[in-house]
Structure formats: C-alpha cells, structure tokens
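Positions are given from 1, in the same order as the sequence printed here.
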Amino acid sequence: MSNNFKIYFSGSIYGGRQKLETYKKLVKELQKYGEVLDAEVADDNVLIDEKGKSDNEIFENLEKKLNEADIVFAELTVTSLGVGYEIGYADKLNKKIIGIYDSTVTPKITTMLRGNKRLKIIPYKDINEILINLGEIIKEEK
C-alpha cells in the first residue's frame, strides 16, 4: 500500500485512556500501511498538547482529517462520545470504517455500530490477533 493511503485513527481521549498502550501499538502498525492522520490519539501528551488550542480549532482539524481519510480505523473498547461522533461523521461521508474492541473488557458494543452493515466490526481477546492480521483487514476494506 502506498504512503498516500490515509488512515484516520480514532480512540478515546476524554472518555478514558485505559487502552493507550493498545493505541500506541495500533498506530505504529498502521503506519506501515499509510499515513496515520490522527496519530496524536496514541500520544501520552495529547491532553497537554490540546490545551493551547480552542475547541473549534481542534474540531476543524479533526473534521479536515476525516474528510481526507481513505479509511477510519477505530478502537472501540473505551466508550467515547468523540469516537462515536467521528464514526457517524465518517459514515455519512461514505468512508470505509473498521472498528475493533477488546471483548474481554467490553463484551458487547452499541447496537448502533453492530447493526450498521457498512462498518466492519471485529472483536478481539488479544491485540496481537489484530496486529498480526492488520494488513489483510485493511486490504479487505480498500
């Protein structure tokens, strides 16, 4: 896959950072398949970095990245209004969307995502299940 392939990574920031280490692994692996537009989600300092920006500035930046993205890849384990909004926004743009979640932590995610046949939702018990198959997962959605 070429470097002009753009991947929007979505994960919880304000909803909780319990999966931060997973986000770091995912972003590192996703970078092998294209440009990760929202890699700062996996940054320890994302909340500190956001302090110097207005809410509107952050929103417009994320909206721009979502518009540019070829695919949205979301880690859904930690419930997050922002992640849900990003998925809904991307769905209305007809973006390809892959959502993954740790079924040992969150046995079932919302019906709004599970019931949407335009989304590819993948439960996992160990993040390595996803990392090992990431190339195939992304290729299926291209």
Side-chain angles (χ1 to χ4, degrees), residues 1-116 118-139 141-142:
M1 274 173 234
S2 67
N3 281 347
N4 62 357
F5 185 69
K6 295 182 180 182
I7 305 163
Y8 185 97
F9 179 75
S10 183
S12 175
I13 295 175
Y14 290 97
R17 302 294 278 162
Q18 300 94 314
K19 288 300 218 178
L20 180 58
E21 292 307 312
T22 297
Y23 300 167
K24 289 177 184 180
K25 290 176 185 176
L26 283 166
V27 166
K28 183 178 179 184
E29 196 65 23
L30 285 167
Q31 288 171 333
K32 295 177 183 176
Y33 301 98
E35 179 186 356
V36 178
L37 299 176
D38 203 22
E40 61 267 20
V41 172
D43 190 322
D44 292 307
N45 298 315
V46 67
L47 292 170
I48 294 165
D49 295 344
E50 282 188 353
K51 284 196 176 173
K53 299 175 184 162
S54 72
D55 290 345
N56 186 256
E57 189 180 355
I58 294 166
F59 171 80
E60 287 180 354
N61 182 40
L62 294 176
E63 188 178 48
K64 179 179 177 282
K65 289 176 181 179
L66 278 163
N67 283 314
E68 289 176 14
D70 295 302
I71 194 166
V72 173
F73 194 98
E75 211 298 338
L76 306 168
T77 305
V78 179
T79 302
S80 166
L81 292 171
V83 172
Y85 186 91
E86 289 169 338
I87 290 171
Y89 187 92
D91 189 35
K92 285 301 169 197
L93 294 174
N94 294 313
K95 300 290 180 177
K96 300 280 187 178
I97 301 167
I98 300 169
I100 65 167
Y101 68 97
D102 184 340
S103 61
T104 68
V105 176
T106 306
K108 200 176 219 183
I109 59 167
T110 180
T111 307
M112 284 299 291
L113 298 181
R114 285 184 293 124
N116 185 339
R118 293 180 300 278
L119 278 58
K120 181 180 187 101
I121 305 294
I122 308 168
Y124 67 88
K125 289 185 179 8
D126 179 333
I127 191 58
N128 289 317
E129 297 169 24
I130 300 297
L131 298 175
I132 290 167
N133 296 300
L134 195 56
E136 280 303 309
I137 292 167
I138 289 172
K139 198 164 112 182
E141 295 304 310
K142 271 191 90 181

Any donor-acceptor N/O pair, [X] side chain to [Y] backbone, under 3.5 Å:
{"X": "T111", "Y": "R114", "result": "no"}
{"X": "K95", "Y": "I71", "result": "no"}
{"X": "S80", "Y": "G15", "result": "no"}
{"X": "E129", "Y": "D126", "result": "yes"}
{"X": "T110", "Y": "L113", "result": "no"}
{"X": "D43", "Y": "A39", "result": "no"}
{"X": "D91", "Y": "I87", "result": "no"}
{"X": "S103", "Y": "P107", "result": "no"}

Got a second to check how far [X]'s [atom1] is from [Y]'s [atom2], nearest 0.5 Å?
{"X": "I138", "Y": "I7", "atom1": "CD1", "atom2": "CD1", "value": "4.5 Å"}
{"X": "K28", "Y": "L131", "atom1": "NZ", "atom2": "CG", "value": "10.5 Å"}
{"X": "I97", "Y": "R118", "atom1": "CD1", "atom2": "CZ", "value": "8.0 Å"}
{"X": "S10", "Y": "L26", "atom1": "OG", "atom2": "CG", "value": "11.5 Å"}
{"X": "E35", "Y": "K6", "atom1": "CD", "atom2": "NZ", "value": "5.5 Å"}

Do [X] and [Y] have side-chain heavy atoms sitting under 4.5 Å apart?
{"X": "I137", "Y": "K139", "answer": "no"}
{"X": "Y124", "Y": "N133", "answer": "no"}
{"X": "V46", "Y": "D49", "answer": "no"}
{"X": "Y14", "Y": "E50", "answer": "yes"}
{"X": "F9", "Y": "K65", "answer": "no"}
{"X": "N116", "Y": "M112", "answer": "no"}
{"X": "F59", "Y": "Y85", "answer": "yes"}
{"X": "E86", "Y": "V72", "answer": "no"}

Do the charged groups of [X] and [Y] touch, with an N to O distance under 4.0 Å?
{"X": "K24", "Y": "D44", "answer": "yes"}
{"X": "K25", "Y": "E21", "answer": "no"}
{"X": "E29", "Y": "K32", "answer": "yes"}

With a 3.5 Å cut-off and no angle check, do the side chains of Y101 and E75 form a donor-acceptor pair?
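Short answer, no.
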Between D102 and T104, do the side chains contain a donor N or O and an acceptor N or O under 3.5 Å apart?
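Indeed, the side chains of T104 and D102 share at least one donor-acceptor pair under 3.5 Å.
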Decide if atom CG of D55 counts as having more than 12 heavy atoms of other residues, nucleotides or ligands within a radius under 6.0 Å.
no
Looking at every non-hydrogen atom in both residues, tell me the closest pair between [X] and [Y] and how far apart they are.
{"X": "G16", "Y": "V78", "value": "O-CG1, 3.7 Å"}
{"X": "A90", "Y": "L66", "value": "CB-CD2, 4.2 Å"}
{"X": "S54", "Y": "E57", "value": "OG-N, 3.0 Å"}
{"X": "A42", "Y": "L20", "value": "O-CD1, 3.6 Å"}

Tell me, with the steps shown, if K96 and K120 meet side-chain contact (heavy atoms from CB on, under 4.5 Å).
CA-CA 8 Å; K96 300 280 187 178; K120 181 180 187 101; over 6 Å; no
As a test of understanding, state which of I121, T106, I100, I122 forms a side chain to side chain contact (heavy atoms under 4.5 Å, CB included) with L76.
I121
Begin with the C-alpha distance, continue with both residues' side-chain angles, and end with the deciding distance and a verdict on side-chain contact (heavy atoms from CB on, under 4.5 Å) for D70 and Y8.
CA-CA 8 Å; D70 295 302; Y8 185 97; over 6 Å; no
Decide side-chain contact (heavy atoms from CB on, under 4.5 Å) for K51 and N45; before the verdict, give the C-alpha distance in whole Å, the side-chain angles of both, and the deciding distance to 0.1 Å.
CA-CA 10 Å; K51 284 196 176 173; N45 298 315; over 6 Å; no
